[in-house]
Amino acid sequence: MDSNIKRMLFTVVLFLSIIVRADLLLHYEFDEGAGGTAASSVNSTVDNTLNLLNEGTDTGWTTGVSGGALQIITRSGGAGAAVPTSWALAGASNLTLSMWINRIGTSAANPSLAGALDDVGGTWQHHYMIRADGVNFDSRGFIRDIGNANTLQTANDDPATALLLNTWTHLAITFDAASKTLSYYVNGDLKSTAVSAGWNGWNDGSTLDFAGIGNPNGSYTIPGLYDDVRIYDEVLSAEAIAELAGYEPPDPPSDLGPIEVYLLAGQSNMQGVGYSSDLTAEQKDQPEILLYHTSSVSSGQPANTWIALRPAGWSGFGAGGCFGPEIGFGLEIAKRYPSSKIAFIKHAVGGTGISPDCAVSGWYPVHYPARPDADDQYAAFINAAHSALDALESQGYQLRIRGMLWMQGEEDAKLVSTGNDYEANLSLLISTVRTEFDLSEMPFVYAQILPHCFDARFSARDIVRQAQANLDQNSGHADAVHNAFMVSTDSLSVHSQIPGDPRPTDDVHFGTDGQLGLGLLMGQQFPRQGDVQPDGKVTLSDFAVIAAYWMDIDCSISNDWCDGADVTLDSTVSIEDLDALSLNWLLE
């Protein structure tokens with residue numbers, strides 16, 4: 001059936017249901033499109049206007065399953081949107097809540113809540129309607145009776161119908177007061193039921209909240225899109241709920257073509273303390289490249305969703321913000337592959353080490369997935385990467401993970417013991433990431449730490465720097481890792497070297513020019529994988545360049561690795577480069 005006809009039929013069904021069902025207490029269609037309030041299309045005799053929190057910052061407007069939708073971006077306090085306390089549940093005992101939700105990000109808290117009936121007292125006597133685990137997003141129905149005497153909860157353990165990223169999901173619960181039974185539906189299918197012997201009824205002054213109510217600190221939220229939210233004062237039949245869930249969102253584009261994905265991770269110099277205000281307009285905005293970053297960096301745009309590439313760095317400096325190597329790297333890669341679609345996934349947290357013995361660890365990969373908690377940066381990185389990749393794939397892209405950028409090691413350089421472990425730990429991280437994404441030859445480009453810092457607090461500085469040099473594939477060391485390339489940072493400036501810089505004593509972090517240079521060097525050090533002539537294809541024209549430089553032994557970053565003929569970046573154009581070419585022959 002044509003998607004436009006489906007939408008028309010769906011709209012007609014919704015319209016007729018409003019007419020024939022006098023038991024519909026509230027219905028938010030979210031078609032306003034702008035402003036700080038949303039109105040219910042029924043029950044206009046009381047104040048049922050939905051007030052949005054920080055419209056434009058925490059909440060906003062977008063396209064829904066039918067017309068508009070409410071977007072909960074983040075939440076700095078209170079509910080994302082709430083009906084005033086003057087609205088009451090009108091003495092209803094039976095209840096049905098129906099809503100559409102499209103998750104656009106991960107939650108910083110666990111668990112998360114969406115669509116709650118909260119008693120006026122603002123205590124823990126809440127009647128949560130939809131609850132979701134902030135890690136796995138397995139949604140469920142959930143209510144707690146007055147006085148906390150009983151909690152009633154249903155479960156949805158089917159991962160295929162969890163709150164999937166960038167996917168509209170229909171959720172509904174019903175509560176039958178006579179049998180004290182709670183039932184939970186996902187996409188029209190009954191998932192589970194629960195019964196309470198001690199249910200005491202609704203509070204007379206219950207209020208309706210969305211996207212984050214659940215404790216006095218207000219720390220829970222599901223970043224997402226909400227549409228067609230309905231509350232009934234009766235238990236709808238399974239057939240009626242299936243009817244509400246009958247809308248089929250349009251299929252994603254069948255094929256958007258290949259997209260080249262690069263992973264970026266590390267600690268503070270990957271976060272970036274370059275000043276965004278020093279960048280030109282062309283450097284700041286690179287709309288041809290996509291960026292997905294976690295909440296550990298700040299871009300002025302929502303975290304955990306795809307946006308156009310922009311500065312995304314440390315959040316601790318002024319309104320202009322900061323940036324990391326993503327800007328320079330983007331400029332270099334876009335220049336090299338002007339016809340390619342490119343995407344970056346970035347997660348970085350300052351002051352974090354690889355060694356489990358660091359004061360602040362988190363990157364030791366053995367922890368994942370056994371301990372995927374908030375302190376495990378490796379787990380956070382892997383989870384974010386998979387969510388980002390799933391989102392691209394659901395949109396119709398063909399994924400090609402091209403490699404990883406890594407800037408980290410300062411934390412491990414604070415102790416001789418952790419410094420001594422760095423070589424083995426970084427080698428383990430490289431192999432574990434490659435295994436995770438089933439790419440045994442995935443290029444891994446990393447930068448050397450602390451080029452101009454000799455502070456006594458980094459007692460293992462030289463040990464870590466030597467470990468990084470050893471792991472480079474061209475080092476000749478026994479522990480060298482194939483397709484791992486170290487970028488020397490000795491030519492890059494840190495803040496303490498810049499006259500008038502607001503961080504005059506900072507000899508650890510690269511300044512604006514240093515961060516731009518870091519990204520550019522990482523791009524120049526990134527192997528071409530056979531595409532010698534940067535046209536997005538591996539063909540005879542690439543073979544011709546290799547032939548022109550055959551057996552040249554003076555390739556380096558200074559001559560762009562013999563104009564790209566040194567595919568393997570080992571300083572020589574040889575059979576290894578032809579082998580790399582053959583592995584990617586005719587790849588586009």
Side-chain angles (χ1 to χ4, degrees), residues 1-30 40-43 64-67 69 89-90 92-102 114-115 117 127-132 138-143 152-164 167-196 199 202 208 225-251:
M1 183 184 295
D2 183 83
S3 61
N4 290 326
I5 297 176
K6 286 183 180 180
R7 283 195 194 90
M8 185 180 299
L9 291 175
F10 178 67
T11 304
V12 170
V13 169
L14 296 186
F15 177 73
L16 291 176
S17 68
I18 294 171
I19 295 176
V20 301
R21 288 179 178 149
D23 50 17
L24 182 58
L25 294 179
L26 290 176
H27 182 195
Y28 292 97
E29 301 175 73
F30 298 127
S40 170
S41 60
V42 298
N43 198 2
V65 292
S66 177
L89 198 55
S93 296
N94 292 338
L95 179 138
T96 297
L97 170 70
S98 165
M99 64 192 298
W100 286 89
I101 180 171
N102 183 338
L117 290 169
H127 311 301
Y128 313 144
M129 295 293 97
I130 303 298
R131 182 176 188 262
D138 53 322
S139 55
R140 61 196 66 208
F142 185 100
I143 57 177
L152 200 56
Q153 182 172 196
T154 61
N156 172 36
D157 297 324
D158 180 5
T161 55
L163 291 183
L164 302 178
T167 303
W168 281 104
T169 303
H170 185 267
L171 305 177
I173 70 165
T174 66
F175 180 72
D176 187 311
S179 63
K180 300 181 180 179
T181 300
L182 184 73
S183 300
Y184 187 52
Y185 297 80
V186 179
N187 291 328
D189 296 327
L190 178 63
K191 291 299 178 181
S192 60
T193 60
V195 179
S196 170
W199 174 254
W202 304 107
L208 181 65
L225 317 181
Y226 295 79
D227 197 10
D228 195 51
V229 175
R230 299 160 173 250
I231 289 187
Y232 300 81
D233 65 355
E234 73 163 5
V235 176
L236 293 188
S237 66
E239 292 76 15
I241 291 174
E243 178 183 312
L244 290 172
Y247 173 75
E248 296 180 16
D251 294 331

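Note: hydrogens, waters and symmetry copies are ignored here, and every other heavy atom, side chains too, is used.
The closest donor-acceptor contact from the side chain of Ser40 to the backbone of His27 lies under 3.5 Å. With hydrogens and angles disregarded, no donor-acceptor distance shorter than 3.5 Å links the side chain of Asp227 to the backbone of Trp100. The main-chain N or O of Thr169 is never found under 3.5 Å from a side-chain atom of Asn187 such that the two would form a donor-acceptor pair.
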Which is it for His170 and Val186 under the side-chain contact (heavy atoms from CB on, under 4.5 Å) test, yes or no, and what are the steps along the way? CA-CA 6 Å; His170 185 267; Val186 179; over 6 Å; no
Please lay out, stage by stage, how Glu239 and Ile241 fare under the test side-chain contact (heavy atoms from CB on, under 4.5 Å). CA-CA 5 Å; Glu239 292 76 15; Ile241 291 174; over 6 Å; no
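Partners of Thr96 according to the side chain to side chain contact (heavy atoms under 4.5 Å, CB included) rule, which considers only residues two or more places apart in sequence or in another chain, are Thr174, Tyr232, Leu236.
Two residues are said to be in side-chain contact when any heavy atoms from C-beta on lie closer than 4.5 Å; Leu95 and Ile231 meet this criterion. Looking at heavy atoms from C-beta onward, Leu97 lies out of side-chain contact with Arg230 at the 4.5 angstrom threshold. Here the side chains of Leu190 and Ser183 are in contact, with some heavy-atom distance below 4.5 Å. Side-chain contact check for Phe30 versus Val229: some heavy-atom pair is nearer than 4.5 Å.
Note: Tyr28 OH to Met99 CE = 12.5 Å, rounded to the nearest 0.5 Å. The structure places CH2 of Trp168 at 5.0 Å from CG of Asn102, a figure rounded to the nearest 0.5 Å. Put simply, CD on Glu243 and OG on Ser98 are 10.5 Å apart, with the number rounded to the nearest 0.5 Å. Put simply, OG on Ser41 and CG on Leu26 are 9.0 Å apart, with the number rounded to the nearest 0.5 Å. Here the CG-CD distance, from Asp176 to Glu234, works out to 11.0 Å after rounding to the nearest 0.5 Å.
Scanning both residues, Ala69 and Gly64, for their nearest heavy atoms gives CB-CA, 3.5 Å. Considering all non-hydrogen atoms of both residues, Asn94 and Ala178 come closest at OD1-N, 4.4 Å.
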